[in-house]
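To keep things clear, I will list the structure first and then write my remarks on it.
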Amino acid sequence: MNPEEDGPKRTLTARLVKVLVHHRHERGMSLEPHASRCVRAGDVHELVTTDDVETASGSRIDRVAFVGFAEFDRGGVIDRGDRLRIGDRFVGTVLGFDACHFPNHYNILIHAETPLSGSDLDLRPETELSFSQHPEVQEAATAAASGAGLSSHRRGF
């Protein structure tokens, strides 16, 4: 998130369509170079938690727990640093994306203190989840958009 370029955005909601229950310690996922990905209404993507913290392109992600597959209600953008909530529970922040199964789906990698699977979180199909900007990022984005938006509009851009 770059407040000089990015403004505020909608919170994305989704529902679990399949719960996953396994952990891996040598998964070998690879972080995409992109800090954001667009999702469309109806897209299904896989949610994976990890305690890895490296965000450089190509970083290897090994310690993971598989949460499940989620279907998005509306289109939008998921950014590195967005907060994942499942129901009322804060799970972690978006670390990045792995595209080993793309174009079928992305693995959305969520940094958590401890990798937690769908069974660890006691999840069921149809459980609602959301991705939202961190409140501090939202405030910075709103402030930047307010200041930049008026001056750009007045200049005719």
Side-chain angles (χ1 to χ4, degrees), residues 1-3 6-142:
M1 171 73 188
N2 180 351
D6 296 338
K9 65 178 184 171
R10 73 166 47 151
T11 294
L12 291 177
T13 57
R15 293 193 180 274
L16 283 176
V17 297
K18 181 176 183 175
V19 177
L20 298 174
V21 300
H22 60 294
H23 292 249
R24 298 273 307 269
H25 297 287
E26 292 186 25
R27 175 58 179 86
M29 290 183 178
S30 178
L31 277 181
E32 290 289 296
H34 316 290
S36 65
R37 296 285 80 191
C38 293
V39 297
R40 296 170 293 194
D43 275 357
V44 176
H45 295 290
E46 189 171 0
L47 306 178
V48 180
T49 58
T50 181
D51 59 356
D52 285 322
V53 295
E54 184 58 52
T55 59
S57 177
S59 293
R60 184 178 167 105
I61 305 298
D62 281 319
R63 293 177 312 278
V64 299
F66 295 85
V67 175
F69 288 89
E71 179 183 16
F72 286 83
D73 301 329
R74 302 188 305 171
V77 178
I78 298 176
D79 290 300
R80 185 178 295 140
D82 282 357
R83 299 164 60 96
L84 170 63
R85 290 189 156 298
I86 298 179
D88 292 334
R89 181 178 184 174
F90 170 73
V91 176
T93 58
V94 174
L95 180 71
F97 308 89
D98 168 80
C100 68
H101 301 295
F102 191 78
N104 186 51
H105 68 274
Y106 278 109
N107 293 320
I108 302 173
L109 301 168
I110 309 299
H111 176 263
E113 286 187 35
T114 303
L116 298 169
S117 71
S119 63
D120 297 331
L121 294 164
D122 196 30
L123 300 179
R124 301 287 179 264
E126 300 302 328
T127 300
E128 187 172 296
L129 59 95
S130 65
F131 288 90
S132 61
Q133 282 179 314
H134 188 283
E136 291 176 11
V137 174
Q138 180 78 33
E139 289 173 23
T142 300

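Between Tyr106 and His45, the angle of the ring planes lies from 30° to 60°, which puts this pair in the tilted group.
A salt bridge is defined here as a Lys NZ or Arg NE, NH1 or NH2 lying under 4.0 Å from an Asp or Glu carboxylate O, and Asp82 with Lys9 meets this definition. Arg15 has a carboxylate O that lies under 4.0 Å from a charged side-chain N of Glu128, or vice versa, which qualifies the two as a salt bridge.
Across all their heavy atoms, Pro115 and Asp51 have their closest contact at CG-N, 3.8 Å. For the residue pair His105 and Glu46, the shortest heavy atom distance occurs at NE2-OE1, 3.0 Å. What you find for Asn107 and Cys100 is that their closest heavy atoms are ND2-SG, 3.6 Å. Closest of all the heavy-atom pairs between Pro33 and Ser57 is CB-OG, 3.3 Å.
Counting heavy-atom neighbours within 6.0 Å of Arg60 CZ, excluding the residue itself, gives a total above 12.
No donor-acceptor pair closer than 3.5 Å links the side chain of Asn104 to the backbone N or O of His101. Judged by distance alone, with hydrogens and angles left aside, the side-chain atoms of Ser36 form no donor-acceptor pair with the main-chain N or O of Ile78 at under 3.5 Å.
Contact annotation: the side chain of Ile108 approaches that of Phe97 to within less than 4.5 Å [non-hydrogen atoms, C-beta and beyond]. Contact annotation: the side chain of Phe66 never approaches that of Leu47 to less than 4.5 Å [non-hydrogen atoms, C-beta and beyond]. Using a 4.5 Å cut-off on side-chain heavy atoms (C-beta onward), Asp79 and Val94 make no contact. For the pair Ser119/Val19, no side-chain contact is recorded, criterion being any heavy-atom separation below 4.5 Å from C-beta on. No side-chain heavy atom of Glu32 sits under 4.5 Å from any side-chain heavy atom of Ser59. No side-chain heavy atom of Arg85 sits less than 4.5 Å from a side-chain heavy atom of Ser132. Side chains of Ile110 and Leu95 form no contact here, defined as non-hydrogen atoms less than 4.5 Å apart.
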Open item on the list: Is there a side chain to side chain contact (heavy atoms under 4.5 Å, CB included) between Arg89 and Leu121? Walk through the geometry before answering.
Closed with: CA-CA 9 Å; Arg89 181 178 184 174; Leu121 294 164; 3.2 Å; yes

Task: Stepwise side chain to side chain contact (heavy atoms under 4.5 Å, CB included) check, Val39 with Leu12 - done: CA-CA 9 Å; Val39 297; Leu12 291 177; 3.6 Å; yes

- [ ] Evaluate the criterion side chain to side chain contact (heavy atoms under 4.5 Å, CB included) for residue pair Asp62 and Arg24; output intermediate values, then yes/no.
- [x] CA-CA 7 Å; Asp62 281 319; Arg24 298 273 307 269; over 6 Å; no

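Considering CD of Gln133 and CZ of Arg10, their distance stands at 12.5 Å, rounded to 0.5 Å. Note that CZ of Arg63 is 11.5 Å distant from OG1 of Thr49, once rounded to the nearest 0.5 Å. Taking CD of Glu113 as the start and NE2 of His111 as the end, the distance is 7.5 Å to the nearest 0.5 Å. Of the inter-residue distances, the one linking Thr127 atom OG1 with Leu129 atom CG reads 8.5 Å to the nearest 0.5 angstrom. Distance CD1/Ile61 to CG/Leu31: 4.0 Å, rounded to 0.5 Å. Atom CG of Leu16 is separated from atom CZ of Phe69 by 11.0 Å, given to the nearest 0.5 angstrom.
The cationic atom of Arg83 (NZ for Lys, CZ for Arg) lies less than 6.0 Å from the six-membered ring centre of Phe90 and within 45° of the ring axis.
When only modelled atom types and interatomic distance are considered, His23 and Asp120 share a side-chain donor-acceptor pair under 3.5 Å.
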